[in-house]
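Presented below is the structure to which this report refers.
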Protein chains: 2
Amino acid sequence: MSQLPTTFAALGNATRLAIVERLLAEGELSAGALQADSVTPPAMSRHFKVLREAGIVVQRVDAQRRLYSVKPEAVQAIGEWVLNFREFWAGSLDRLDAALKDAK
Amino acid sequence: MSQLPTTFAALGNATRLAIVERLLAEGELSAGALQADSVTPPAMSRHFKVLREAGIVVQRVDAQRRLYSVKPEAVQAIGEWVLNFREFWAGSLDRLDAALKDAK
DNA sequence: TTGTTAATTAACGTAAGTGATAATTAAGTA
DNA sequence: TACTTAATTATCACTTACGTTAATTAACAA
């Protein structure tokens, strides 16, 4: 069974999407560096857990710090889902198919 | 403000993702044709509402029937979100950028 | 050892999501 | 006018999601 619904659900929260976008833009960051002003650390911690369990991020331990980064496969899976329906885009996206394969 | 979290949240449910996938693969379908065995019609109806309010599908009325179809922009927005981080894919997806623009 | 920093887990309250059955609306059809 | 079909809205029950404060774990520093 596909875990795409789980992936989408995890990204279906503004705080978590912002976390993922920062990690994609800036690379590996600690929980503290990702801390949002609008939410408390415990709440952030549970958002990280949701992202981990959805297979979107991985955690690396460095002393007291927890360093997070995005798993490329997760974002790639979304890209491929969009591509599966490329006929919908007037068949103009076939080039992406090869591009995604190259990235593997 | 972006409505991407709303889009992802709407697709973060297996029943709704299945609805969207059928509409993408088969085109416009009625609520009845989309009816899943595992859920009751009222539940399906509310799933349609979530998808409508997220801007993912549009409803067209034909007598007693409600015909649904996917809004291309919604899927396109997801594709563009993935592309925004194409550096993450080793910069190999630049061709998709043009492809998505062509589809507009 | 004691204190500080970083992050998580525990416990709790409240809001939102999801499902069911029953009732309602609206449009055909006999 | 009934009757049937298609779908939605109303109501209710239950679960999950999300946020808070307090407590705990783990690692480093004085």
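Basis for what follows: all heavy atoms, side chains included, without hydrogens, waters or symmetry-related copies. Residue numbering restarts at 1 for every chain, and letters A, B, ... go by the order of the sequence lines.
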Fill in: Within-4.5 Å side-chain heavy-atom neighbours: B:Ile56 and B:Thr7
yes
Fill in: Sequence-aligned protein contact record of nucleotides 11-23 of chain D, with B where the base is within under 4.0 Å of a protein heavy atom and S where only the sugar-phosphate is
-------SBBBB-
Worksheet item: Is there a side-chain contact between A:Leu11 and A:Ile78 (heavy atoms, below 4.5 Å)?
Response: yes
Anything under 3.5 Å between a donor and an acceptor, one on a side chain of residues 41-55 of chain B, the other on a protein residue two or more places apart or in another chain? List them.
from: B:His47; atom 1: ND1; to: B:Arg16; atom 2: NH1; distance (Å): 3.0
from: B:Arg52; atom 1: NH1; to: B:Tyr68; atom 2: OH; distance (Å): 2.9

Worksheet item: Can you find a heavy atom in the side chain of A:Leu17 that is under 4.5 Å from one in the side chain of B:Leu4?
Response: yes
Discussion item. Whole angstroms only, please: what is the CG-P distance between B:Leu17 and C:dT18?
Written reply: 13 Å
Fill in: Considering all heavy atoms, the nearest A:Ser2-A:Pro5 contact
O-CD, 3.8 Å
Discussion item. Does anything in residues 56-69 of chain B come within less than 4.0 Å of DNA chain D? Heavy atoms only, and list the residues if so.
Written reply: B:Gln59, B:Gln64, B:Arg65, B:Arg66, B:Tyr68
Discussion item. Taking side-chain contact (heavy atoms from CB on, under 4.5 Å) as the definition, give me every residue that meets it alongside A:Gln64, ordered by chain and number, with sequence neighbours left out.
Written reply: none
Practice prompt. Could you check if a side-chain atom of A:Ser30 sits within less than 4.5 angstrom of a side-chain atom of A:Leu67, using non-hydrogen atoms only?
Written response: yes
Discussion item. Is there a side-chain contact between A:Val75 and A:Val70 in this structure, where contact means two heavy atoms from C-beta onward sitting under 4.5 Å apart?
Written reply: yes
Worksheet item: Do any of residues 27-35 of chain B sit with a heavy atom less than 4.0 Å from DNA chain D, and if so which?
Response: B:Ser30, B:Ala31, B:Gly32
Item to complete: Spell out, as yes or no, whether a donor-acceptor pair under 3.5 Å connects the side chain of A:Arg22 to the backbone of A:Ala33.
Response: yes
Worksheet, complete the sentence: Residues at least two apart in sequence or cross-chain that pass side-chain hydrogen bond (donor to acceptor under 3.5 Å, both in side chains) with B:Arg65, listed by chain then number, are none
